[in-house]
Each structure stands twice: as structure tokens, then as C-alpha cells.
There are 2 protein chains.
Amino acid sequence: MWPRYAVAAMDSDEYRDSRGKTLADYPRPSVAVDTAVLTLDDEHGLLVLEVRRASGRGWALPGTFLHPGETLADAVDRSLRLKANVGGLHPRQLHVFDDPRRDDRGWVLSVAHLDVVQPERLQYRFPEATRLMPVSAPGRLIYDHADIVARAVEHLRARYLDKPDPYRLLGEQFTIRELRLAHEHVAGRPLQRDWFRRTMEPQLVPTGTMVSRGRGRPAELFRRHED
Amino acid sequence: MWPRYAVAAMDSDEYRDSRGKTLADYPRPSVAVDTAVLTLDDEHGLLVLEVRRASGRGWALPGTFLHPGETLADAVDRSLRLKANVGGLHPRQLHVFDDPRRDDRGWVLSVAHLDVVQPERLQYRFPEATRLMPVSAPGRLIYDHADIVARAVEHLRARYLDKPDPYRLLGEQFTIRELRLAHEHVAGRPLQRDWFRRTMEPQLVPTGTMVSRGRGRPAELFRRHED
DNA sequence: AAAATAGTGTCTTTTAGACACTATGGA
DNA sequence: TCCATAGTGTCTAAAAGACACTATTTT
């Protein structure tokens with residue numbers, strides 16, 4: 001047990017050692033961001049964007065070190081532009097990986113992020129420095145990046161349970177069928193057609209436009225509510 | 001758009017500037033942890049532990065800077081022992097606050113945490129350097145600490161919806177009534193007595209022991225499943 | 001006896017799931 | 001015409017919520 005005066009003296013915002021340094025002057029970790037960028041493919045389902053390591057060997061999620069004056073979202077955005085030529089996204093934090101020995105380059109904390117993009121935004125990505133892999137078989141990834149992909153999918157699943165495409169995998173307008181197929185890819189299992197319509201339709205705005213895609217009766221296009 | 005060779009050259013794990021420094025040698029942020037320690041009081045409901053600032057003015061959540069070689073959980077544990085004389089907890093990450101200007105002492109990232117403790121563990125806390133406040137009225141807190149409390153409660157509520165006291169606010173054994181009162185304090189609203197028993201009892205192990213607490217028919221003590 | 005609490009039976013409402021039917025286009 | 005898909009009615013099963021009753025204790 002500590003005497004009470006010790007508490008105030010050792011509070012990090014006032015404590016100074018014999019050389020007059022504050023705790024903030026002591027060694028600091030590098031802070032990195034690593035992002036699982038997910039997108040949707042009609043054939044292969046949910047895909048994750050991977051980038052070739054600088055050494056040329058192996059694949060990783062796009063990431064970078066946090067620069068002074070930058071927010072984490074800024075750093076995620078910068079890393080995606082730089083490593084994969086993808087821009088304009090809305091990253092969300094997932095987890096901080098903090099094992100002091102996780103990175104052989106030194107003391108590096110990594111803030112894992114999730115980002116979701118429409119497939120068209122990935123069409124100009126660097127063709128040889130990047131690849132898209134199914135989230136169910138992301139290949140061999142460095143460090144804890146496979147773990148990040150798993151957390152990203154888990155997060156996405158929870159969000160897609162009862163709301164129509166909250167992360168906007170689809171464009172502005174879509175049929176209920178397209179919406180259901182997207183949700184099935186996220187959920188990793190088939191969803192019931194009638195139940196799906198009845199839960200989602202009240203949360204959408206009908207456009208009145210009918211579209212015929214392939215065989216079968218034309219379907220109505222819906223869009224999201226403004227908010 | 002960047003030529004492909006630029007990608008490899010600027011990858012953070014190989015890039016060197018004209019002075020041969022890697023990106024990891026560039027300025028790094030201080031990393032702090034701040035923790036909303038929640039506990040339960042029969043009268044006042046959910047309480048949050050606050051500590052007096054070193055300057056003596058104002059209150060804050062307990063926190064500290066991350067030290068080299070330490071995990072975030074280690075830092076949380078250290079800060080609670082040092083500032084409040086509370087130990088042996090199991091913190092969970094909530095969010096990284098990353099506004100470069102959020103702390104007037106410089107560039108400081110803060111990883112917000114939640115921790116839940118049984119009230120007895122707080123009985124030896126520093127009496128004048130700490131206080132316990134209701135989460136609904138935490139008083140004036142510095143920086144974004146009120147936001148951390150709100151996130152902590154929100155997280156707790158989600159976890160307490162359908163599982164019996166997952167964060168162990170209560171001890172080893174308890175009656176269904178005690179469990180329900182704890183859940184009502186977390187939920188911030190009364191819960192239905194019969195529905196609550198029917199959802200929780202199958203998830204508990206009966207001990208066979210009956211206890212009489214105050215008036216009314218004695219109730220059976222239950223305990224959690226081993227896992 | 002009165003009041004308070006434990007524990008349970010049962011009814012109603014809501015929701016999820018299942019099945020089936022009609023409607024409307026393309027091949 | 002056949003087939004695929006859209007859209008809807010309706011039944012069933014499961015879950016949530018509401019109400020009431022009996023049981024057992026303290027005051």
C-alpha cells in the first residue's frame with residue numbers, strides 16, 4: 001500500500017525524474033495502423049485486400065506508421081493510397097495489438113482497422129503489388145494479420161444482422177435480391193428469402209423503378225434512407 | 001497514381017531517408033491508458049472510480065503512460081495500483097483517442113479501457129485521492145474521460161443483455177434477486193422478474209443452499225458454470 | 001395477520017421460420 | 001411453354017411479455 005502523497009508525486013502529468021524529464025520524455029512506442037479492406041465479389045464473396053511486402057516475400061495487410069499530427073484515420077487513408085492506390089474510405093478501429101515483441105523491428109503497437117469499399121474503387125489498385133483473397137482463405141499473412149481479418153469479418157457480421165448493408169458494399173440503388181446476396185456473403189450462409197425481405201424492406205425507400213437482371217420477373221430498385 | 005516501384009520503396013519496413021533513418025526513427029507519440037473502473041453499489045447503482053489530478057484541481061479517470069516492454073493491460077494494472085491502490089483486474093480495450101491536439105502536454109494517444117471490479121476490492125482505495133461517482137452523473141472530468149465512461153457503460157449493457165453477470169460484479173454465489181438487481185443497475189431500468197429468472201436460471205448451477213436475506217421467503221443460492 | 005419475496009402456471013403478443021401460392025418477365 | 005425470380009398470404013414454432021396464483025418467510 002502506498003502513502004497518499006506518493007500518488008500525487010507519481011502522477012504522470014507532473015512526475016519528473018532526477019534529470020527533470022517527464023514520463024512523456026521516456027521511450028515511446030512506434031504506432032502503426034493495419035487495415036483489413038473488405039469488398040464484395042459476386043463469385044468469390046467477401047474479399048480482403050493484401051499487399052506484397054517491400055522485401056518481395058510474403059503478403060500483409062496494408063499498413064504504415066503513424067506520422068506526427070496525423071489521426072489514425074489519416075494514417076489508414078495514407079497507407080491505402082500509397083500501397084494499393086485506394087482512397088476515400090471510412091476506417092473503423094478494431095483492436096490494439098500490444099505485445100511488446102510482436103514486431104521484430106522493435107517496439108511497435110498496431111491499431112487494427114476495418115474498412116469496407118465497393119469493388120469498383122479497387123479497380124485501379126496496383127496490379128502486381130496487391131491481391132484480393134477470400135476472407136475464408138486469406139493465405140499466409142505476417143504477424144497477427146490473419147487475426148485482424150477474422151476480427152473484421154466478425155465485426156461486419158454483427159453489423160449486418162438486421163440492417164440493410166450498413167457499410168455500403170452496394171451502390172446507391174439495388175434490388176432486394178442483390179441486397180440479400182450481399183448479406184449472405186457477409187453471413188457466410190444462405191438467408192431466408194421471405195424473412196429477409198420482410199425485415200429489410202421497411203428500412204428502405206422504394207424508387208418505383210423496375211429492373212430486369214437475367215431471367216425472372218423484374219424487381220424494384222430500392223435505396224437507403226437519407227441520414 | 002503511383003508507379004509500382006514506388007510502392008516497395010516507400011513501404012514502411014524498408015524506407016530510409018537521406019540520413020538513413022527508418023520511419024520508426026521519426027517522432028513517436030506517447031501512448032497512455034485511461035480506465036473506467038466500474039463497480040456496483042446497492043444504493044447508488046453503477047459507480048465509476050475517479051482520481052484527483054496531481055495538480056489537485058479536478059478529477060480524471062486513472063491513467064498512465066505506457067512503459068517500454070509493457071502491455072496495455074500491464075499499464076492499466078500499474079496505474080490502478082499507483083493511483084487508487086486497486087489491483088488484480090482484467091481490463092478490456094474500448095477505443096483509441098487519437099486527436100493530435102487532445103492533450104495539451106503534447107502528442108498523446110490514449111487507449112481507453114473498461115474494467116469491472118467487485119465493491120470490496122475498492123475498500124482500501126486512497127480515501128482522499130479517489131472518489132466513486134454514479135455513471136449517470138460522473139461530475140466534471142478532463143479531456144474525453146466522460147466519453148470513456150459512456151462507452152464503458154454502453155459496452156457493459158450490451159454484454160449484460162442475456163448472460164448472467166458476465167463481468168462478475170457479484171461474488172461466487174448469489175440469489176436470482178441479487179443477480180436481477182445487478183442487471184437492473186447495469187441496464188438502467190427495471191427488468192421483468194419472471195422473464196429474468198427464466199432466461200438466467202438455465203445458465204446457472206443451483207447450490208441447494210437456501211438463504212434468507214431480509215423479509216420474504218428464502219431464496220436458493222446459485223453459482224456460475226465452470227469454464 | 002400483514003407484508004414481502006420466491007417460484008411457477010398459463011395466457012397473449014411478437015417474432016422467426018416454413019411453406020405455398022400468384023405474378024411477371026426471359027429463354 | 002417452361003423456368004427463374006418477385007412479391008405476398010398464412011400457418012407454425014419459439015420467444016418475450018404480462019398476469020396471477022401458491023409458497024414461505026419476517027415483522
Exercise for the section: Would you please classify the geometry between the A:H155 ring and the A:Y167 ring as parallel, tilted or perpendicular, with 30° and 60° separating the classes? Expected result: perpendicular
Exercise for the section: Would you check if there is a donor-acceptor pair between the side chains of A:D115 and A:T35 at a distance under 3.5 Å? Expected result: no
Problem - Side-chain donor-acceptor contact under 3.5 Å, B:T207 with B:R223 - result: no
Exercise for the section: Without swapping roles, check the side chain of B:Q203 against the backbone of B:T199 for a donor-acceptor pair under 3.5 Å. Expected result: yes
Handout entry: Nucleotide D:dA15, atom C1' - distance to CD of B:Q203 in whole Å
Key = 14 Å
Exercise for the section: Nearest 0.5 Å please: distance from the CD atom of A:Q118 over to the CG atom of A:L169. Expected result: 8.0 Å
Exercise for the section: Give the rounded distance in Å between these two atoms: CZ of B:R189 and P of D:dA16. Expected result: 12 Å
Practice task
Could you check which residues of residues 213-225 of chain B get a heavy atom under 4.0 Å from DNA chain C? Sort them by number, please.
Solution key: B:R215, B:G216, B:R217, B:P218, B:A219, B:E220
Practice task
Please determine if B:R131 forms a cation-pi arrangement with B:W59, meaning its NZ or CZ atom is less than 6.0 Å from the six-membered ring centre and no more than 45° off the ring axis.
Solution key: yes
Problem - From CA spacing to verdict: side-chain contact (heavy atoms from CB on, under 4.5 Å), B:F97, B:I148 - result: CA-CA 10 Å; B:F97 289 91; B:I148 297 178; 3.5 Å; yes
Fill in the blank from the handout: Rounded to the nearest 0.5 Å, the CZ atom of A:R125 sits from the OG1 atom of A:T130 at a distance of 4.5 Å
Exercise for the section: Starting at atom CE of A:M210, determine the distance to atom P of C:dA23, rounded to an integer number of angstrom. Expected result: 15 Å
Practice task
Keeping the roles fixed (side chain from A:K83, backbone from A:G63), state whether a donor-acceptor pair exists under 3.5 Å.
Solution key: yes
Problem - d(CZ, A:F196; P, C:dT15) in whole Å - result: 18 Å
Handout entry: Contacts of type side chain to side chain donor-acceptor pair (under 3.5 Å), residue B:E70, not counting sequence neighbours
Key = B:R78
Practice task
Would you mind reading off the distance between B:E184 atom CD and C:dT5 atom P, rounded to a whole angstrom?
Solution key: 12 Å
Handout entry: A:E172 CD: over 12 foreign heavy atoms closer than 6.0 Å
Key = no
Exercise for the section: Check every atom of C:dA6, D:dT5, D:dT8 against the side chain of B:R177 and return the nucleotide holding the closest atom. Expected result: C:dA6
Fill in the blank from the handout: Residues in residues 156-175 of chain A with a heavy atom under 4.0 Å of DNA chain C, by number, are none
Exercise for the section: Apply side chain to side chain donor-acceptor pair (under 3.5 Å) to A:S79 and list each qualifying residue two or more places apart in sequence or on a separate chain. Expected result: none
Practice task
To the nearest 0.5 angstrom, please state how far the CZ atom of A:R217 sits from the CE atom of A:M210.
Solution key: 6.5 Å
Can you tabulate the close N/O pairs, meaning under 3.5 Å, that link protein atoms to atoms of nucleotides 17-20 of chain C?
from, atom 1, to, atom 2, distance (Å)
C:dA18, OP2, A:Q192, OE1, 2.5
C:dA18, N7, A:Q192, NE2, 3.0
C:dA18, N6, A:R198, NH2, 3.2
C:dC19, N4, A:D194, OD2, 2.1

When you compare the protein's N or O atoms with those of nucleotides 11-13 of chain C, which come within less than 3.5 Å of each other, and at what distance?
none

